[in-house]
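All values below come from the heavy atoms of this structure, side chains included, with hydrogens, waters and symmetry mates left out.
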Amino acid sequence: MRPSVIILAYNSADSLPATLASVSALTDDIHVVDSGSTDGTPELAKAAGAQVLHHAFESYGAQRNWAIANCPIKYGWQLHLDADERLTPELATEIAALPEQSTTDGFFLPRYLQFLGRILRHGGMSPTWHMRLFQSGKGSCEVREYDQHFICTGTTSQLKYSMIDDIRMPLTEWTYRHNRWSDAEVREQLKGETAGRVGAKMTGNVIEKKRALREMYNNLPYFVRPFGLWFYRYVVRLGFLDGMEGFIFYTLQTFWFRFLIDAKLWEARNAKQ
């Protein structure tokens with residue numbers, strides 16, 4: 001298999017070179033969709049042989065679907081990445097060994113998180129699964145503002161080897177983005193829309209199971225559930241084995257971020273009353 005690769009980027013000069021290098025032996029058809037970078041990201045992508053398209057950012061779902069509709073891809077398979085995600089050599093080899101003509105329409109890829117330089121391997125999040133490789137015409141991105149996933153309309157399977165989400169931004173930028181993402185998640189929960197979203201199903205695929213667990217979490221009481229989630233990830237699922245980097249991540253991402261969402265939901269619903 002030789003897929004066309006589509007990468008979303010914004011001020012990604014620090015992480016994009018590793019992403020491009022990880023797919024360079026896999027394909028000669030790489031497209032970078034840039035949303036207004038000012039740090040030389042487009043020039044870096046062009047120098048590496050990628051085609052660069054420009055499109056103003058609305059939401060991740062909208063940007064991914066725009067890329068699907070507008071990138072002049074060469075091959076029949078599409079591999080979608082963010083600019084801070086890279087394939088391990090084992091995953092690149094595994095994808096290259098897949099047959100071009102397949103009865104499977106899409107593949108879920110396992111993803112590990114690298115935070116403050118350390119790959120996190122515990123906490124019940126290692127790995128997470130993402131539909132990123134699919135046949136053209138079989139995949140699109142759900143229209144959620146936050147935590148969006150690709151939907152494959154055909155048969156699916158899971159690959160063995162992983163990609164790495166290498167978060168290199170400083171904590172100031174990381175928390176700034178999570179503050180914005182908390183607004184997006186609040187809007188999603190207040191709208192309560194289901195059309196164009198991955199369904200919640202405990203007997204479904206890996207993403208449907210994740211959504212079912214998220215629905216269970218959302219039905220728990222405000223302000224109590226972030227404490228429970230932190231305890232589950234850090235203590236029960238052994239997140240403490242990920243060292244100081246893990247302590248910072250689980251405290252910020254599974255407690256502070258979720259507590260902030262609860263506070264904003266409480267504020268919005270109180271304002272309506």
Side-chain angles (χ1 to χ4, degrees), residues 1-8 19 22-33 50-51 53 55 59-83 85-112 127-165 193-215:
M1 179 187 296
R2 176 172 285 192
S4 294
V5 175
I6 299 175
I7 302 170
L8 299 190
T19 303
S22 75
V23 298
S24 61
L26 183 63
T27 183
D28 60 352
D29 191 39
I30 302 173
H31 307 266
V32 173
V33 179
Q51 298 185 53
L53 292 82
H55 187 253
S59 68
Y60 283 103
Q63 194 79 339
R64 293 191 190 282
N65 286 329
W66 185 92
I68 290 173
N70 291 276
C71 288
I73 63 172
K74 183 192 298 187
Y75 300 117
W77 287 84
Q78 301 180 20
L79 173 63
H80 289 259
L81 299 171
D82 288 338
E85 295 172 337
R86 68 179 187 272
L87 307 187
T88 58
E90 295 82 3
L91 177 57
T93 300
E94 184 179 16
I95 292 173
L98 293 171
E100 186 73 27
Q101 302 298 324
S102 174
T103 56
T104 302
D105 297 302
F107 292 92
F108 290 99
L109 277 57
R111 186 181 75 178
Y112 284 87
T128 56
W129 291 87
H130 300 265
M131 169 57 60
R132 295 297 186 83
L133 177 64
F134 49 81
Q135 294 195 49
S136 295
K138 295 289 186 177
S140 63
C141 192
E142 59 180 339
V143 294
R144 284 179 58 90
E145 290 190 59
Y146 175 71
D147 191 30
Q148 70 292 321
H149 286 269
F150 284 98
I151 301 171
C152 179
T153 57
T155 58
T156 62
S157 185
Q158 296 175 207
L159 295 184
K160 177 181 179 181
Y161 294 105
S162 63
M163 60 179 175
I164 305 295
D165 183 7
E193 295 180 1
T194 57
R197 270 74 166 173
V198 173
K201 189 178 180 182
M202 283 301 295
T203 57
N205 62 44
V206 286
I207 304 303
E208 292 169 334
K209 291 177 183 177
K210 178 182 176 182
R211 282 288 158 80
L213 292 171
R214 178 59 56 81
E215 280 197 356

task: Quick one: closest heavy-atom pair of Gln148 and Glu145, and the distance?
output: OE1-O, 4.0 Å

- prompt: Asp165: what forms a salt bridge (Lys or Arg N to Asp or Glu O under 4.0 Å) with it, not counting sequence neighbours?
  reply: Arg111

message: Working to the nearest 0.5 angstrom, can you tell me the gap between Thr203 OG1 and Lys209 NZ?
response: 8.0 Å

Glu85 vs Ile164 side-chain heavy atoms within contact, under 4.5 Å: no

message: For His130 and Met163: C-alpha separation, side-chain torsions, deciding distance, then whether side chain to side chain contact (heavy atoms under 4.5 Å, CB included) applies.
response: CA-CA 10 Å; His130 300 265; Met163 60 179 175; 4.3 Å; yes

query: Does the pair Lys160/Glu90 count as a salt bridge with the N-to-O cut at 4.0 Å?
result: no

field: Any Glu142 side-chain heavy atom under 4.5 Å of Ile151 side chain
entry: yes

- prompt: Does Trp129 have any side chain to side chain donor-acceptor pair (under 3.5 Å) partners at least two apart in sequence or in another chain, and if so, which?
  reply: none

task: State, with a plain yes or no, whether a side-chain heavy atom of Ser4 is found less than 4.5 Å away from one of Leu79.
output: no

message: Taking Thr155's backbone N and O only, do any of them form a donor-acceptor pair with Asp105's side chain (distance below 3.5 Å, no angle check)?
response: yes

query: Roughly how far apart are Leu98 CG and Leu133 CG, rounded to 0.5 Å?
result: 7.0 Å

Min side-chain heavy-atom separation His80-Cys141 under 4.5 Å: no

message: Within this structure, what is the NE2-CZ distance for the pair His149 and Arg132, rounded to the nearest 0.5 Å?
response: 8.5 Å

statement: In terms of heavy-atom contacts, Thr27 and Arg2 come closest through OG1-CG, 3.9 Å

- prompt: Do Val33 and Gln63 touch side chain to side chain, with heavy atoms closer than 4.5 Å?
  reply: yes

task: For a side chain to side chain contact (heavy atoms under 4.5 Å, CB included) with Met131, tell me which candidate from Val206, Ile207, Thr156 qualifies.
output: Thr156

task: Look at atom OH of Tyr75 and say whether more than 12 heavy atoms of other residues, nucleotides or ligands are closer to it than 6.0 Å.
output: yes

message: Please report the interatomic distance CZ(Arg211) to CG(Asn205), rounded to the nearest 0.5 Å.
response: 10.5 Å

message: Return the OG1 to CZ distance between Thr128 and Phe108, rounded to the nearest 0.5 Å.
response: 12.0 Å

- prompt: What residue among Leu8, Ile6, Val32, Leu87 forms side chain to side chain contact (heavy atoms under 4.5 Å, CB included) with Leu81?
  reply: Leu87

- prompt: Would Asp29 and Val5 count as a side chain to side chain contact (heavy atoms under 4.5 Å, CB included) if you check the C-alpha gap in whole Å, the side-chain angles of each, and the deciding distance to 0.1 Å?
  reply: CA-CA 6 Å; Asp29 191 39; Val5 175; over 6 Å; no

field: Ionic contact status for Asp28 with Lys74, cut-off 4.0 Å
entry: yes

Heavy-atom check, side chain of Leu109 versus side chain of Leu91, under 4.5 Å: yes

task: List the steps, then state whether side chain to side chain contact (heavy atoms under 4.5 Å, CB included) holds for Glu208 with Val198.
output: CA-CA 6 Å; Glu208 292 169 334; Val198 173; 3.8 Å; yes

- request: Compute the ring centroids of Phe134 and Phe150, then answer whether they are less than 6.0 Å apart.
  value: yes

query: Between Glu94 (side chain) and Tyr161 (backbone), is there a donor-acceptor pair under 3.5 Å?
result: yes

- request: Indicate the atoms forming the closest heavy-atom contact of His31 with Pro72, along with that distance.
  value: CE1-O, 3.5 Å

- prompt: Below 4.5 Å, heavy atoms only, C-beta onward: do Trp77 and Ser102 meet side chain to side chain?
  reply: yes

query: So does Arg197 pair up with Asp147, basic N to acidic O under 4.0 Å?
result: no

field: Closest approach of Ser22 to Ala92 (non-hydrogen atoms, all atoms of both residues)
entry: O-CB, 4.0 Å

- prompt: Is there side-chain contact between Met1 and Ile95, with at least one heavy-atom pair below 4.5 Å?
  reply: yes

query: Do you see a donor-acceptor pair shorter than 3.5 Å between the side chains of Tyr60 and Asn65?
result: no

Distance-only polar pair, side chains of Ser136 and Gln78, donor-acceptor under 3.5 Å: yes

query: Do you know the tightest heavy-atom contact between Gly76 and Glu100?
result: N-OE2, 4.2 Å

